[in-house]
Amino acid sequence: MNPGFLPCLTDADLPSAIAGRADCVLGGVRIGARSNAPAPEWPQQFIPAPLIGTTTDSLQEIWRCATPCSSGKFADIAWRRAGPVLYGVLELAESDFPGSPACSPLQAASQEAYRRIFRLLEAQRLPSLWRVWNYLADINLETHGLERYRQFNIGRQDAFLECNRGATGNVPAACAIGLAGGPLRIAFMAGSEAVVAVENPRQISAYDYPAEYGPRSPTFSRATLVRLAQQEILFISGTASILGHRTRHCGDVAAQARESLTNIAAVVAEANRLARSAPYRIDELAYRVYLRHATDFQAVRDVLNAMLGAAAPVACILGDICRSDLLVEIEATASHDLESTR
Ligand code: 3EB
């Protein structure tokens with residue numbers, strides 16, 4: 001029943017990993033080049049952003065489970081469900097949303113995307129949104145008098161409020177990354193179990209950011225812990241070089257990477273106060289690193305090697321971070337078995 005995270009596979013490794021049990025893949029992601037192969041049967045988020053520091057032009061990650069999934073389509077969301085866990089993928093073209101003077105197309109698309117997600121969860125009787133992966137074009141571009149990331153934040157928060165979910169406290173872990181173009185691309189994991197929200201004592205909660213970062217605060221937790229019958233999952237949100245609410249180390253990518261990892265270590269320490277499983281260690285997490293400039297790769301790799309060891313699984317992706325002065329953002333996931341007696 002429990003999903004197992006199977007990270008960083010090349011396309012060649014995937015068939016043997018699945019071994020004829022494609023119905024036991026909850027869903028996943030493909031990052032990098034588009035594939036010539038037919039689309040998989042499971043919901044797959046596609047992130048058409050270059051991989052950095054690897055010779056392969058794409059990678060896939062999947063979440064597997066022990067029993068076959070049910071699946072469906074709901075308001076353009078492709079979803080699969082294994083017992084108490086659901087994974088879904090949604091793409092919305094902004095051109096399908098005319099917007100209005102008071103609401104840009106991106107804001108309207110963002111609100112509608114989250115509205116649909118919450119409706120699906122209601123229909124599935126799965127109350128809790130655990131983790132959301134958001135990608136949008138030109139995230140730092142100003143249109144309609146406001147940076148597009150800030151437009152997204154308005155639409156997202158409005159949907160949380162409209163659907164009576166509140167916009168602080170028990171909100172999902174997330175990332176929001178800019179791509180060169182394309183639709184609003186959202187993947188999410190959700191389920192029956194409420195999350196344990198984790199914050200970072202070194203940072204103001206994102207949902208409490210002051211108005212200088214936009215008219216509405218971002219709606220995410222620094223991390224979420226999810227407890228299933230035999231497994232606990234730790235989702236660490238996109239984490240950047242922010243102390244309090246301010247960007248640190250403008251223009252210095254190595255220092256930003258160090259600050260980001262120090263923030264992740266602080267989030268892990270907080271998570272460990274709340275976790276039921278054995279303590280999480282930063283050298284066991286599966287990382288995704290987003291770089292604004294591909295040329296910063298070696299400087300960031302050196303920091304990762306020094307702080308995590310060279311063996312840590314890291315996927316490095318070219319993408320824009322949601323503040324123009326941020327050069328790198330790092331997110332991570334881990335899963336621990338829970339002893340059934342606990
Ligand atoms: C930050 O800490 C950096 O808007 O969903 C990180 C993770 C960031 C998630 C989001 C934004 C988001 O504010 C940016």
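Note that ligands are numbered from 1 as they come in the structure, with each ligand's atoms numbered from 1 the same way.
- Geometrically, Arg323 engages Tyr213 in a cation-pi contact defined by less than 6.0 Å to the ring centre and at most 45° from the axis.
- At a cut-off of 3.5 Å, with distance as the only test, a side-chain donor of Glu259 or His249 sits close to an acceptor on the other residue.
- Under the 4.0 angstrom criterion for non-hydrogen atoms, Cys322 is in contact with ligand 1.
- At least one N or O atom of Arg222, backbone or side chain, sits closer than 3.5 Å to an N or O atom of ligand 1.
- Listed for the His245 side chain is no donor-acceptor partner under 3.5 Å among the backbone atoms of Tyr209.
- Each of the atoms 1 (C), 2 (O), 3 (C), 13 (O) of ligand 1 lies under 4.0 Å from some heavy atom of Ile242.
- Residues Arg222 and Gln203 have side chains that bring a donor and an acceptor to within less than 3.5 angstrom of each other.
- Seen from the ring of Tyr207, Arg165 does not count as a face-on cation partner, given the 6.0 Å and 45° thresholds.
- The shortest separation from a heavy atom of Glu329 to ligand 1 is under 4.0 Å, placing the residue in contact.
- Checked by distance only, ligand 1 and Arg156 come closer than 3.5 Å through their nitrogen or oxygen atoms.
- The option with the heavy atom closest to atom 4 (O) of ligand 1, from among Phe152, Tyr207, Tyr149, is Tyr149.
- Using a 3.5 Å distance cut-off with no hydrogens or angles, the side chains of Glu162 and Gln111 do pair a donor with an acceptor.
- For atom 12 (C) of ligand 1, the closest non-hydrogen atom of the protein is Phe220 CE2, 3.2 Å.
- For the pair Thr239 (side chain) and Ser237 (backbone), a donor-acceptor distance under 3.5 Å is present.
- Atoms of ligand 1 lying under 4.0 Å from any heavy atom of Ala174, numbered from 1 in the order shown and given with element: 5 (O), 7 (C), 9 (C).
- Considering Tyr209, Tyr213, Tyr290 only, the shortest heavy-atom separation from atom 13 (O) of ligand 1 involves Tyr209.
- For ligand 1, the atoms closer than 4.0 angstrom to any heavy atom of Gly238 are 6 (C), 7 (C).
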